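FYI, side chains are in, hydrogens and waters are out, and symmetry mates aren't considered; it's all heavy atoms of this structure. Everything quoted here is computed from the prediction, not taken from an experiment. Indexing begins at 1, ligand by ligand and atom by atom, following the structure's order.
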Amino acid sequence: MRKQIAAANWKMNLTLTEAESLADELLQTNHALSDDQLAIFAVPYPYLIPVRTKFEGKENVYVAAQNCSANKNGAFTGEVSAAMLQSIGIEYVVIGHSERREYNHEDNSLLAKKIDVALEFNLKPIFCCGEALSIREAGSQDAYVGTQLEESLFHLSPSDVDGFIIAYEPIWAIGTGRTATSEQAQQMHAHIRSVLTSKYGKEVADSISILYGGSVKASNAKEIFGQPDVDGGLVGGASLVASEFATIISSLK
Ligand code: PEP
């Protein structure tokens, strides 16, 4: 059975003290995760070890990097490699968040390289895809997201993508307070799963967790996560408030 996942994206927020307090507050909410549920915290690089230390011993809770370099090592000042993340025991990495696509000009072929380097160093990618408002208004979102998957993932083998994590995040819903309706989310998630089925077959496609991201909050998580092809969420703003994120975790199927 594929995993149901509540993933927090803290982005470039919080000081170390604030990050540790947020982790402490979350620990006090004391939610239990079953074996097919995960909570993953994508935190800024300097907080990977401190936040992981806070969650030490908590079953099914992980920290993730928000990015990694497409290069293995060398003269890339300011970059962090997959090998470095592996060397400090990190298991997950977000690849292709729309903010990185926009501000750092990360395109589908660069993201394919990042996925490869992440897999080479045993990191599990959380691959983000999703369309801008203009694409949704033109009605071409299915083809657009299909191309994102094809150009960044379709060179991978079925065993590479077995148990993979994809986050569908319509850009028009990120940080805007405008959430996709649960029907819109389900429609796109079913489309993503059918694209994956046509490439990798039903068994592999059914093993892939497809998270929804875009203004998920405590008040709408249950309805969105209740859709058959929605396997949890990638959550920005609401993940910075312990009580909100605790409710989001408890909304997982
Ligand atoms: C995100 O950053 O991935 C995101 C979905 O943000 P928000 O929940 O704030 O819309």
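- Considering backbone and side-chain N/O of Glu99, none are found under 3.5 Å from N/O of ligand 1.
- Closest heavy-atom approach to atom 4 (C) of ligand 1 within the set Ala42, Gly236, Ala238: this belongs to Gly236.
- Remark: the backbone N or O of Asp206 is paired with a side-chain donor or acceptor of Arg2 at under 3.5 angstrom.
- For atom 1 (C) of ligand 1, the closest heavy atom belonging to the protein is His97 NE2, 3.3 Å.
- Set against the non-hydrogen atoms of Gly214, the atoms of ligand 1 under 4.0 Å away are 5 (C), 10 (O).
- Of all the atoms in ligand 1, the ones that sit under 4.0 Å from a non-hydrogen atom of Asn9 are 1 (C), 2 (O), 3 (O).
- If you look at Ala173 next to ligand 1, the close heavy atoms, those under 4.0 Å, all belong to the backbone.
- Within the 3.5 Å criterion, the main-chain N or O of Tyr62 finds no donor-acceptor partner in the side chain of Arg52.
- Aromatic pair Phe55/Phe41: ring centres closer than 6.0 Å.
- A chain of hydrophobic side-chain contacts below 4.5 Å, direct or via other Ile, Leu, Val, Met, Phe, Trp or Tyr residues, connects Val43 to Leu26.
- Looking only at heavy atoms of the protein, atom 3 (O) of ligand 1 is closest to Glu169 OE2, 2.6 Å.
- At least one N or O atom of Lys11, backbone or side chain, sits closer than 3.5 Å to an N or O atom of ligand 1.
- Using a cut-off of 4.0 Å between Lys/Arg side-chain N and Asp/Glu carboxylate O, Asp36 and Lys3 are scored as not salt-bridged.
- Each of the atoms 7 (P), 9 (O), 10 (O) of ligand 1 lies under 4.0 Å from some heavy atom of Gly175.
- Tested against Asp229, the residues His189, Arg193, His191, Gln187 include a single side chain to side chain donor-acceptor pair (under 3.5 Å) partner, Arg193.
- With a 6.0 Å cutoff to the six-membered ring centre and a 45° limit on the axis angle, Lys124 counts as a cation-pi contact of Tyr92.
- In terms of polar-atom proximity, Gly237 is counted as a contact of ligand 1, with an N or O under 3.5 Å from an N or O of the ligand.
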